[in-house]
Peer 1: 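The following block contains the structure, expressed as structure tokens.
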Amino acid sequence: MRQRTKFFVALAMVCAVILGVAAAAGVSRQINATLRPDITIKVDGVTQTITDSNGNETAPIIYNGTTYLPVKSIGQILGQSVTWDGQTNTVNITGSNTPATAPSTPTGGGMIGEARAKEIALEHAKLSASDVTFIHAELDWENGRRVYDVEFYSANKEYDYEIDAKTGEIMSYDYDAEGYAPSAGSYISQDAAAKLAQDRAPKATLVKIEFDYDDGRAVYEGELREGRWEYEFKIDAATGEFLKWEKDS
């Protein structure tokens with residue numbers, strides 16, 4: 001974590017210095033730069049999604065052999081507040097060196113809101129609000145993307161969802177059952193489990209699937225890949241039910 005913080009602080013400082021020099025010079029000029037969507041930004045091995053000031057995914061820019069990134073996006077990943085003062089042409093970066101806690105209520109920008117995020121999770125779990133007790137539903141950051149982290153429990157199961165704050169897409173989900181008794185019946189085949197996963201992402205390539213036990217439950221765990229997207233899944237070997245489905249970049 002200390003290494004990651006140093007990396008982002010240094011990068012944010014570099015961006016601020018570059019902008020400060022440009023402002024000090026008092027001269028605006030057009031340049032020829034190259035947008036490089038083929039460049040991947042990783043922190044501690046985790047791919048980051050870089051966004052513009054409107055929250056849309058963007059890419060690094062190369063100019064004179066130097067890679068440039070949006071200072072606001074880097075600040076948000078770091079947990080900093082980044083603001084623009086138009087009167088003095090100044091970029092202000094403030095906050096601690098730890099990731100900021102996202103507000104629990106939407107702040108605009110076309111987000112679906114907590115209430116809708118809860119509805120999406122409940123619809124997927126085939127439960128109603130009266131059937132569950134919510135642990136939390138809050139706005140958070142995941143790889144540079146705004147998501148709602150929704151967690152609740154019902155009977156002996158605890159559910160955890162990550163939902164894209166703008167589109168409402170379920171990025172990942174899983175649930176844990178307490179006091180689960182292993183089924184004494186037969187299991188679905190590995191090929192059948194692979195087909196269930198493939199049906200969810202028809203264009204993805206299955207790269208791994210294996211039979212395992214999770215807290216006494218027989219499961220198939222695996223991974224698919226499609227371009228920059230990775231899908232991880234866990235399927236109940238007795239029922240064919242998805243216990244986990246996670247989409248990440």
Side-chain angles (χ1 to χ4, degrees), residues 1-103 106-112 139-147 162 164-167 169 171-172 203-204 225-231 246-249:
M1 179 61 72
R2 182 176 299 174
Q3 182 180 4
R4 171 180 174 174
T5 300
K6 287 182 178 178
F7 168 81
F8 276 124
V9 169
L11 188 53
M13 288 177 65
V14 169
C15 292
V17 168
I18 291 170
L19 292 171
V21 169
V27 178
S28 296
R29 60 191 177 92
Q30 291 186 340
I31 62 172
N32 292 321
T34 304
L35 191 67
R36 292 289 302 273
D38 58 313
I39 293 178
T40 300
I41 306 300
K42 289 189 175 184
V43 179
D44 296 333
V46 178
T47 300
Q48 302 294 319
T49 299
I50 305 301
T51 57
D52 61 21
S53 59
N54 295 317
N56 300 313
E57 186 173 344
T58 188
I61 289 176
I62 302 294
Y63 175 63
N64 282 350
T66 300
T67 303
Y68 293 85
L69 299 168
V71 65
K72 184 173 183 179
S73 182
I74 295 300
Q76 289 172 336
I77 293 173
L78 179 59
Q80 306 293 300
S81 173
V82 180
T83 58
W84 168 252
D85 187 338
Q87 293 184 340
T88 61
N89 289 339
T90 303
V91 176
N92 294 301
I93 306 174
T94 58
S96 65
N97 287 335
T98 56
T101 301
T107 56
M111 289 184 281
I112 61 174
L139 192 59
D140 202 352
W141 287 96
E142 179 67 28
N143 292 337
R145 178 188 288 108
R146 281 299 219 182
V147 298
E162 282 187 356
D164 190 297
K166 288 194 171 184
T167 67
E169 179 184 1
M171 304 304 297
S172 69
K203 297 181 180 179
R225 292 180 185 171
E226 179 185 352
R228 68 184 185 88
W229 294 107
E230 295 182 0
Y231 304 84
E246 183 171 334
K247 178 182 179 181
D248 203 356
S249 60

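The residues of the chain are indexed from 1 along the displayed sequence.
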Peer 1: What heavy-atom pair brings Ile61 and Leu35 nearest, and what distance separates the two atoms?
Peer 2: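 Heavy atoms only, the tightest pair is CG1-CD1, 3.8 Å.
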Peer 1: Looking only at heavy atoms, what is the nearest atom pair of Met171 and Asp164, with distance?
Peer 2: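 Between these two residues, the closest heavy atoms are CG-N, 3.8 Å.
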Peer 1: Quick one, Trp141 and Arg146 - any side-chain contact, counting heavy atoms below 4.5 Å?
Peer 2: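 Of all side-chain heavy-atom pairs linking Arg146 with Trp141, at least one is under 4.5 Å.
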Peer 1: Applying salt bridge (charged side-chain N to carboxylate O under 4.0 Å, His left out), can you list everything that pairs with Glu169, at least two apart in sequence or on another chain?
Peer 2: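 With neighbours one apart ignored, the set is Lys247.
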Peer 1: What pair of heavy atoms forms the shortest contact from Ala59 to Pro37, and how long is it?
Peer 2: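 Smallest heavy-atom distance, with atoms named: CB-CA, 3.4 Å.
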Peer 1: For Asn32, enumerate each residue passing the side chain to side chain donor-acceptor pair (under 3.5 Å) test, keeping only those at least two apart in sequence or located in another chain.
Peer 2: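 Here no residue qualifies.
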